[in-house]
There are 2 protein chains.
Amino acid sequence: MNDSSKILKILKKAPLFENCDPERVALFATQSSIISVEKGQMLFVHEEPAKRFFLILDGWIKTFRETLDGGQVIVDILPAGEIFGETSLFEGEFYPYSAEAVESSRLISMPLSLLKTEIDQDPKMISAMLTNMARIRREQDRELEHLKIQNAPQRIGCFLLRLTKQEEEGQVKIQLPYDKSLVAARLGMQPETFSRALAKLKDATGLEISGSTILLQDIKQLIHYSCSACSSEFPCKDLTEKSGCNL
Amino acid sequence: MNDSSKILKILKKAPLFENCDPERVALFATQSSIISVEKGQMLFVHEEPAKRFFLILDGWIKTFRETLDGGQVIVDILPAGEIFGETSLFEGEFYPYSAEAVESSRLISMPLSLLKTEIDQDPKMISAMLTNMARIRREQDRELEHLKIQNAPQRIGCFLLRLTKQEEEGQVKIQLPYDKSLVAARLGMQPETFSRALAKLKDATGLEISGSTILLQDIKQLIHYSCSACSSEFPCKDLTEKSGCNL
DNA sequence: TCATGAAATTGACATTAGTCAAGGAAGAGT
DNA sequence: ACTCTTCCTTGACTAATGTCAATTTCATGA
């Protein structure tokens, strides 16, 4: 099986393409390529002219911006199944953030120009784009709420809860998907604050920490602790819907 | 001129409809009505089944949610020209927030059911919807960045800057559009913090405060103070593009 | 097994924001 | 002009988070 047909097979299952005309998806496949990136490698830089967008096959991609006084703000840490760079279409064809692999990752790289022309011609694709955009908007919305009203331990608790499977109950084992300092940055706090807040969470809910593995004695305790300062009970609605993650 | 033709005239200029088939816009006009709401009046409640969405003609609409432990989180304070409630389409037809008039306001009330059917039939409309969604996503993105890295005085400074016209230079007079305590809530801080942070901003940039009027001696000073902790120079890119505000 | 470096934790302290309570200003209506 | 009421400000204090520096832990490869 060559690269193009391999890509086609993957794209057909991706949320952005699944309902689209197969011939159009094939067009994407022929103009795309699978690329591998090392940990730390940049994919593109904020405000650079945008040529391509990406679908993550595996690994983790960090999107971020730098402030004028030299700070770094994480936009998101994206898992397999997510696309990124596609919003450049609405930003004058410049990337609205930088992107870097935080683990060795494999991606499908696709031309933005094609997305731009296809979006105007295939209502199915524009519809998928809108659905995806609505999903991200909802997540941003939740995140804004959390930054405004949850404290550091509660934000960590919420992050942990979102790593569990929905059907899990009672004792749950969680594996942090990447470095603690990266989780901290993702949640908008310092590594030191993360460390101390996690300890506070341990005292408050009885969870056990060993390295990057966290064992919840009872998930309900954590839900009670974190979700009380949130506008919806766990599981958050955005989790119960289909995400971009099932390739 | 009757209500329906008055509405039609307005809708034709609204971002969501301007490029759409005029016959379809007329369909909206016939099924819509202009409503007036008093200050404090609720338009809908979070998680209620969503029947209608709204276009603001004048006044200010607050969207917000309540947390389980009784707090209130402001989602946004929307000006004339904005639509709201339309995202219910992507939330299982429940409102994703509550909405209340913070000033006496006039609105066009439209049925969501119509939006739902039309969106599937008119690519122009779905395209407008996507453009609008992308705009809001960009604003949320900026807001997330600000919450993560700007302190209270900087966030206020940024809020003030966004109230100025882009071409203004040097001395600029700003009128706060609504109560200070509401601005505070909008920016995710307590009224006391707002009051003190504004005083700090005054010391740092030499602005003058008298009631709800703020006089900047030199807008550049404020830009330097606020935008240094931001990833883009003023004027923010989202301001230079067309917003939903020009009815 | 040891050496190395990165990540994580901890302590001490500074800064920032929140809380509670009291007092003052401003506007609406009599 | 006066009295509400509501909003705003200020003070005193507490709590949360950030900063800087010093260790400690841990994974990794020599």
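Every chain is numbered from 1, with letters handed out A, B, ... down the list of sequences. Source: prediction; values computed, not measured.
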Exercise. Between Ser181(B) and Asp179(B), is any side-chain donor less than 3.5 angstrom from a side-chain acceptor?
Worked result: no
Problem set entry | Rounded distance (Å) that lies between atom P of dT19(C) and atom CG of Asn151(A) | 11 Å
Exercise. Can a salt bridge be assigned to the pair Lys202(A) and Glu208(A) using a cut-off of 4.0 Å between side-chain N and carboxylate O?
Worked result: no
For this session: Please list residues of residues 175-187 of chain B whose heavy atoms come under 4.0 Å from any atom in DNA chain D, ordered by number; otherwise none.
Result: Asp179(B), Lys180(B), Ser181(B)
Exercise. Salt bridge or not for Glu143(B) and Arg186(B), using N-O below 4.0 Å?
Worked result: yes
Exercise. Would Glu192(A) and Arg196(A) pass as an ion pair if we require N to O under 4.0 Å?
Worked result: no
For this session: Inspect the contact between Arg135(B) and Glu82(B) and indicate whether a charged nitrogen and a carboxylate oxygen are less than 4.0 angstrom apart.
Result: yes
For this session: Map Lys148(A) and Leu198(A) onto DNA chain C by nearest heavy atom, then report which one ends up closer to the 5' terminus.
Result: Leu198(A)
Exercise. Of the non-hydrogen atoms in Ala184(B) and Phe194(B), which two are nearest, and what is the gap between them?
Worked result: CB-CB, 3.6 Å
Problem set entry | From Glu145(B) atom CD to Leu147(A) atom CG, the distance as rounded to the nearest 0.5 Å | 12.0 Å
Exercise. Which residue lies toward the 5' end of DNA chain D, Met189(A) or Ile209(B), if each is placed at its nearest nucleotide?
Worked result: Ile209(B)
Interface polar pairs with nucleotides 11-13 of chain C, N/O, under 3.5 angstrom:
| unit_1 | atom_1 | unit_2 | atom_2 | d |
| --- | --- | --- | --- | --- |
| dG11(C) | N7 | Arg196(A) | NH1 | 3.0 |
| dG11(C) | O6 | Arg196(A) | NH2 | 3.2 |
| dA12(C) | N6 | Arg196(A) | NH2 | 3.4 |

Problem set entry | Distance-only donor-acceptor check, side chains Gln175(B) and Ser212(B), under 3.5 Å | yes
Problem set entry | For atom CG of Asp203(B) and atom C1' of dT16(C), their distance in whole Å | 16 Å
Exercise. Ring pair (Phe, Tyr, Trp, His ring centres under 6.0 Å) with Tyr178(B): which residues, sequence neighbours excluded?
Worked result: Trp60(B)
Problem set entry | Positional range of nucleotides in DNA chain D within the contact set of chain B, heavy-atom, under 4.0 Å | dC7(D) to dA12(D)
Exercise. Under 4.0 angstrom, heavy atoms only, what part of the nucleic acid is Ala152(A) near: base, sugar-phosphate, or nothing?
Worked result: sugar-phosphate
Exercise. What does the inter-axis angle of the helix from dT1(C)-dA30(D) to dT30(C)-dA1(D) come out as, five pairs per end, nearest 10 degrees?
Worked result: 30°
Exercise. Got Thr87(B) and Met133(B) here, is their nearest side-chain heavy-atom distance under 4.5 Å?
Worked result: yes
Name each donor-acceptor pair under 3.5 Å that joins a side chain in residues 33-45 of chain B to protein atoms two or more places apart or in another chain, with its distance.
| unit_1 | atom_1 | unit_2 | atom_2 | d |
| --- | --- | --- | --- | --- |
| Gln41(B) | OE1 | Glu38(B) | N | 3.0 |

Exercise. Would a 4.5 Å heavy-atom cut-off, applied to side chains only, mark Leu107(A) and Ile61(A) as touching?
Worked result: yes
For this session: Could you tell me whether Asp141(A) and Arg137(B) make a salt bridge, using a distance below 4.0 angstrom between a side-chain N and a carboxylate O?
Result: no
Seminar exercise, completed: Rounded to whole Å, CD of Gln190(A) lies from C1' of dT10(C) at a distance of 16 Å
